[in-house]
Amino acid sequence: MNSVKIEKGAILTLRRIIYLHGKMNELLKEDDKGPSWDGDILIYSSEDLQVENIIYKVPTQVKGKNNENLLNRSRITYPVAYKNLRNYFNDGGVCYFVIVISDDGEKANIFYNALTPIKLQSLLKGTEKKKPDQTKSIPLNRLKNNNKDELFTILLQFGHDSKEQGAKELVRKSISLKDMKKIDSIRATAFTSVGASIIQEVAKGEACLFGHLKEADIWVPFDYDTQMQMEFVAWMKWNEPFKIDEKIYYDNFEIRKSDDETFLIKLSENLIINTGKSEFNFEALTDLDQVIKDIQFLEAFPYGKAFYVGKHKLCEYKYTHLNDHFLQKLNLFKQLQLAIIKFDLKLNKKFEDFADDDWKAVDDILNIYQGKIEPKENNAWHMWWWQGKVVPFFLAVDPNGELYIENGVCFKHLKISVGSEEERYIVPAFIMFKRDIWEKLYDVDEKILLEELDKGEFNKATEGNFTQLFIEILSAYDILKNEKYYNVAKSISDRLMEVDPNADYLRINKLQLKKRKRNLTENELQELENIEINTDDIKVICAVNILLENKRKAKKKLEEMSDGDREMFMTYPIYNLL
């Protein structure tokens, strides 16, 4: 059979299959001499084949081959020039067809490879020095029985994956084994034919696997070779309580059969049970709360007799001894939880993401909790660092030699007081924090800060202490724009105004808080002008003119101050508004 007939027969065979399907149409050319492509196959969402219902336009290359020996094979290879493969990659992929035709032209079978950008990247890997006309043999699978629905599914999958894989730059960032720690979730979309599963399509590389890069917050395709090296298994989710004897430990779980026909039960990301061997695989991967939940199950495990799903017994199991080393490991996490609770902390990170510095921080907080860090004198501060933030701990030894350890934000046993020897007044522990601590302070619930503030005694004797706290925390707010700091500063201002409502600097503090959120009203501007008229304090006059937005006069008053006063004024948060 001559080459013209072969190519024409190939196009006609493919056209007929497309013609028979209600949601496909084609723009294929016979005897096409153009570079790399023979046209497009159109995929529609509706059988009306309206333009607005086109889902994908699939670039297509069709080749014919007359070879009786290949006709009934399940898989063949075909040489494709590197220049064409590079064109396909740059253009976003191609669906490549080779139609094998019998000698008499009566029989024809379709072989295909949906060459998405990820597949083409794999084919072209390490071929930079190959000449354009050199060829690469690509594998093609036979379309079973030339099935039109199977072809539609293949093209639908190609259209979806090619679009999701996007631009070449995204494909070049594809995920390899070394990148696995960078992703926090995996997804795949598979358009399967009858009898096939999503896992089968992903395992064959016919459906692309995507990973979510948590730092960049983007979905990136897996490198094709990496995906083909991976093993995929299906877990069935069971939305019923999982129990040891009569006690519920999990509201749901996942289950699958293992190779030896026993069941594997995944209770969490950390814990998998092999029922046949009464064994478990435990590895701390999630956050601390889930790990503790799993530990409670593991500690009950040796004392139970059977697993139940809802009201039904799943299986009985034998006593399993937890070795001392494993119990020590579990105890470490339990101690960590107690430390977190005692000191009102949060570990906002999964254990699978822990670096060496994170584990060092865990050791440090355990040493603090267990009293292994003692002050050199009667009291001292110890800074605990977590994720670039700090928790100040206050360590104190009483006259009886007992060690007290307090989270510097909220003392539970000790109290801080100010005043004279004759009369002392309670203030919050964090009144000692300077702005550099507030700027680096680990996340604290606003409710805790306000509750501690409410325990403080506001009066003439403590007015200066609370004013300094106002200055430090508002200065930190100006840097971080942390709203809880603003709210604490406002609460301090409101309480101080109750103590001394006529004090100029307290009125200025009240108004500078408002200035940070809105323009001042006419009455508020008038209040500032009255303050200026009735004072000769140069710092007050300077502050008033900053709020009045009279920058020229404010700067002039700043220059008139003594060096010491000027240096101090420039540390005040109101200077940030100048």
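Along the sequence shown, the residues carry numbers beginning at 1.
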May I ask you to decide if V444's main-chain N or O and K484's side chain share a donor-acceptor pair within less than 3.5 Å?
yes
Can we say D223 and K178 salt-bridge, meaning some charged N sits less than 4.0 Å from an Asp/Glu carboxylate O?
no
Would you say D494 and S491 are linked by a side-chain donor-acceptor pair, where the criterion is simply a distance under 3.5 Å?
no
Verify, without hydrogens or angle tests, whether N53 (side chain) and S46 (backbone) share a donor-acceptor contact under 3.5 angstrom.
no
Do the side chains of I55 and Y44 get nearer than 4.5 Å, heavy atoms only?
no
With a 3.5 Å cut-off and no angle check, do the side chains of N113 and K119 form a donor-acceptor pair?
yes
Closer than 3.5 angstrom, by distance alone: can the side chain of K243 be matched with the main-chain N or O of G310 as a donor-acceptor pair?
yes
Are the charged groups of D356 and K360 less than 4.0 angstrom apart, N to O?
no
Looking at K350 and D353, is any side-chain nitrogen of the basic one under 4.0 Å from a carboxylate oxygen of the acidic one?
no
May I ask you to test the V391-I365 pair for a side-chain heavy-atom distance under 4.5 Å?
no
Proximity of F253 and F307 rings by center, below 6.0 Å:
no
Can you see whether Y486 has K517 sitting over its ring - NZ or CZ less than 6.0 Å from the centre and within 45° of the normal?
yes
Give the ring-plane orientation class for F301 versus F280, where under 30° counts as parallel, over 60° as perpendicular and anything between as tilted.
perpendicular
E164 versus R187: any side-chain heavy-atom pair under 4.5 Å?
yes
If we ignore hydrogens and angles and just use 3.5 Å, is the side chain of Q165 paired with the main-chain N or O of T116 as donor and acceptor?
no
Quick one: are I118 and Q227 in side-chain contact, heavy atoms under 4.5 Å?
no
Salt bridge (charged side-chain N to carboxylate O under 4.0 Å, His left out) between K125 and D225, intermediate numbers included
CA-CA 10 Å; K125 198 174 292 182; D225 297 329; 3.2 Å; yes
Please check if the side chain of N323 supplies one atom and the backbone of F326 the other of a donor-acceptor pair under 3.5 Å.
yes
Would a 4.5 Å heavy-atom cut-off, applied to side chains only, mark I110 and L14 as touching?
yes
W384 and W386 aromatic ring geometry - parallel, tilted or perpendicular at 30°/60° bounds
parallel
Is there a donor in the side chain of E446 and an acceptor in the side chain of N487, or the other way round, less than 3.5 Å apart?
yes
Give a yes-or-no answer on whether the side chains of N270 and D294 include a donor-acceptor pair shorter than 3.5 Å.
yes
Would you name the heavy atoms of L120 and G93 that are closest together and state the gap between them?
CD1-CA, 3.7 Å
Closest heavy-atom contact between L267 and F242?
CD2-CD2, 3.6 Å
Judged by atom type as modelled, is there a donor-acceptor pair below 3.5 Å linking the side chain of D245 to the main-chain atoms of K305?
yes
For K447, what residues pass the side-chain contact (heavy atoms from CB on, under 4.5 Å) criterion, not counting sequence neighbours?
D445, E451
Would a 4.5 Å heavy-atom cut-off, applied to side chains only, mark S268 and L285 as touching?
no
Close side-chain approach of Y224 to Q121, heavy-atom, < 4.5 Å
no
Just by modelled atom types, is the A361 backbone N or O under 3.5 Å from a matching donor or acceptor in the W385 side chain?
no
Taking only Lys NZ, Arg NE, NH1 and NH2, and the carboxylate oxygens of Asp or Glu, determine whether R495 and E457 approach each other closer than 4.0 Å.
no
Can you see whether D358 engages Q387 through a side-chain donor-acceptor pair at a distance of less than 3.5 angstrom?
yes
Could you please spell out the steps behind the ring-ring contact (aromatic ring centres under 6.0 Å, His included) verdict for W381 and F393?
CA-CA 6 Å; W381 286 96; F393 283 98; 9.3 Å; no
Side chains of W235 and L264 in contact at under 4.5 Å (non-hydrogen atoms):
yes
side-chain contact (heavy atoms from CB on, under 4.5 Å) evaluation trace for L441 with V409
CA-CA 9 Å; L441 190 67; V409 172; 4.2 Å; yes
Is the F430-W438 ring centre distance short of 6.0 angstrom?
yes
With sequence neighbours excluded, what pairs up with F111 under the ring-ring contact (aromatic ring centres under 6.0 Å, His included) test?
none
Between Q157 (side chain) and F191 (backbone), is there a donor-acceptor pair under 3.5 Å?
yes
Start with the C-alpha gap between F343 and Y442, add the side-chain angles, then the distance that decides, and say whether ring-ring contact (aromatic ring centres under 6.0 Å, His included) holds.
CA-CA 12 Å; F343 298 130; Y442 190 66; over 10 Å; no
Do Q290 and E269 have side-chain atoms, one donor and one acceptor, less than 3.5 Å apart?
no
When you measure from the side chain of K412 to the backbone of K342, do you find a donor-acceptor pair of N or O atoms at a distance under 3.5 Å?
yes
When the ring planes of H413 and Y404 are compared, do they come out parallel, tilted or perpendicular, using 30° and 60° as the limits?
tilted
